Novice: 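Supplied in structure tokens, the structure appears directly below.
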Amino acid sequence: MTKREFLDKLRRRLRALPRDEIDAAVSYYDEYISDAGDEAEAIAQLGSPLEVAGLIAAGAAAGIGAGGEGASSGEKRGGARTAAIAVLSVFALPVGLPLAISLAAAAFSTVLAALTVFVSLGAVSAALILGGVASALIGSLAMLRDFALGLAVSGEGLVMFGAGWLLLRALAWLWKRGAVSAARAIGTSILKKANKLKERS
Amino acid sequence: MAINATGALLDLCVLAVTARGDAYGYALTQGVKKALDVSESTMYPVMRRLQTQRYLETYDTPHDGRNRRYYRLTDAGQQTLDALSAEWEDFKKRVDGILKGGDAA
């Protein structure tokens, strides 16, 4: 971790503290690391930005909570509340990551469900087409023995085939229009979220 | 070292180091670390607190094209240092009293 990274992370952890407290702490550690000579060594000895921020916030909380000399009890109570929030916020996880994960999971299962319906409709159309072809063939053979029955069976087969074919065409149209663009939209939104998170952490 | 330094003892050492001359953060930390086994990151909150209690005051001087913040002992800080030093002497005597088996008062 470079000094810049360390200080940036520290500043982010301290975000709930008063502005002057943040600036004082960050410039202290900026100076400290520069004065130490070996930047990497100094940063390793300091511990993680989280630990350092925790100590700063706890210290500031004690200071703010005490309210200084001459603070009214109302001010002290308000200060103590601010201080407690400041300490908690140091350890708070960014809410973005879990939220993004659950959104991605929801999007994924939606896509999966749609895809399942799609595939089963495809199977139905395939069954209709194959069944239709078979019925038409068997029907035409049966016509040799019993013309009326054979004609009925082969006609039924042609109806099945036609229905299957229509369903297949409809599915193909839907795929082109809907599914591909929907999947693309969901995919890019997930990628965007992921990139944003990567920048933040 | 095995004896942990917290609270008053840490305050005493920080005040004592600044009493020997104004010091900036890193030098002050190193000065205290000569005597006490404190982690680097516990020093800032202590210095910040001593500053809000007006025992220390700060001033900035340019150094190497950047800023360096020095800590200076105030009069109130000097009084606290004297009081804590007296308490330390007393504490030392009592611990020695136990160690050397004399009558510990």
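Small disclaimer: the values here were computed from a predicted structure and weren't measured. To find a chain, count down the sequence lines: A is the first, B the second, and so on, and within it residues start at 1.
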Novice: Measure B:T29 against the heavy atoms of chain A and call it side chain, backbone, both or neither at under 4.5 Å.
Specialist: side chain
Novice: To the nearest 0.5 angstrom, please state how far the NE2 atom of B:H63 sits from the CD atom of A:E31.
Specialist: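 Result: 9.5 Å between the selected atoms.
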Novice: Which answer fits A:Y32, side chain, backbone, both or neither, if we ask what part of it has an atom under 4.5 Å from a heavy atom of chain B?
Specialist: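 For A:Y32, the contact with chain B is made by backbone and side chain together.
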Novice: Between A:A25 and chain B, with a heavy-atom cut-off of 4.5 Å, which part of the residue counts as in contact: side chain, backbone, both or neither?
Specialist: both
Novice: Side chain from CB out, backbone as N, CA, C, O: work out which of these in B:N67 comes under 4.5 Å of a heavy atom of chain A, or both, or neither.
Specialist: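 For B:N67, the contact with chain A is made by backbone and side chain together.
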Novice: For residues A:L46 and B:E40, report the shortest heavy-atom separation together with the two atoms involved.
Specialist: CD2-CB, 3.6 Å
Novice: I'd like to know whether CG of A:D38 has more than 12 heavy-atom contacts from other residues, nucleotides or ligands below 6.0 angstrom.
Specialist: yes
Novice: Is it true that B:R66 and A:D35 make a salt bridge, defined as a side-chain N closer than 4.0 Å to a carboxylate O?
Specialist: yes
Novice: Which label fits A:Y28 and B:Y71: parallel for a plane angle under 30°, tilted from 30 to 60°, or perpendicular past 60°?
Specialist: perpendicular
Novice: What verdict does the side chain to side chain contact (heavy atoms under 4.5 Å, CB included) test give for A:Y29 and B:S41, after you've listed the backbone C-alpha separation in whole Å, the side-chain angles of each residue and the deciding distance to 0.1 Å?
Specialist: CA-CA 9 Å; A:Y29 279 106; B:S41 43; 3.9 Å; yes
Novice: Verify side chain to side chain contact (heavy atoms under 4.5 Å, CB included) between B:Y44 and A:I56, making sure each step is shown before the conclusion.
Specialist: CA-CA 7 Å; B:Y44 175 77; A:I56 294 168; 3.8 Å; yes
Novice: At a 4.5 Å cut-off on heavy atoms, which part of B:R68 comes close to chain A: side chain, backbone, both, or neither?
Specialist: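 Looking at B:R68, backbone and side chain both touch chain A.
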Novice: Could you look at A:A24 and say if it's the side chain, the backbone, both or neither that has a heavy atom under 4.5 Å from chain B?
Specialist: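 For A:A24, the contact with chain B is made by backbone and side chain together.
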Novice: What residue, out of A:G47, A:S34, A:A57, A:A42, has the most heavy-atom pairs lying under 4.5 Å from chain B?
Specialist: A:S34
